[in-house]
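Right, one structure below, let's go through it.
These values consider heavy atoms only, across backbone and side chains, with no hydrogens, waters or symmetry-generated copies.
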Amino acid sequence: MRGALTSFVIGFNYFVGAYFGVVNTIYALLLTVALFAILNHIRRIKYAPIRDFRASPQTPPSRS
């Protein structure tokens with residue numbers, strides 16, 4: 001009986017450790033994807049006001 005309980009506890013410990021590893025790996029991947037999405041968004045909106053300014057009919061036309 002004691003051997004079965006010890007085996008169960010050790011098996012449960014391995015299960016919890018594997019679960020922890022898998023969940024944290026998924027979270028790390030999601031964090032990496034989110035980081036690239038945020039950087040792409042920041043890069044895209046960085047010059048958006050200057051484009052709006054140039055496209056405005058109230059600004060003089062460009063010389064080029």
**Residues forming a side chain to side chain donor-acceptor pair (under 3.5 Å) with R43, sequence neighbours excluded** =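 Counting only residues at least two positions away or on another chain, R43 forms no side chain to side chain donor-acceptor pair (under 3.5 Å).
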
**Message:** I need the full list of side chain to side chain donor-acceptor pair (under 3.5 Å) pairs touching residues 22-40, with sequence neighbours left out, sorted by first then second residue.
**Reply:** none

**Request:** Kindly write out the residues that satisfy side-chain contact (heavy atoms from CB on, under 4.5 Å) with I38, not counting sequence neighbours, or none if the list is empty.
**Result:** I42

**Item:** For S7, side-chain contact (heavy atoms from CB on, under 4.5 Å) partners two or more places apart
**Value:** none

**Request:** List, by chain and number, the other hydrophobic cluster members for F15, where Ile, Leu, Val, Met, Phe, Trp and Tyr join if side-chain heavy atoms come within less than 4.5 Å, directly or indirectly.
**Result:** F12, V16

**Asked** Other than Y14, which residues form its hydrophobic cluster under the rule that side-chain heavy atoms must be closer than 4.5 Å?
**Response**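 Noted: Y14 shares its cluster with I10.
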
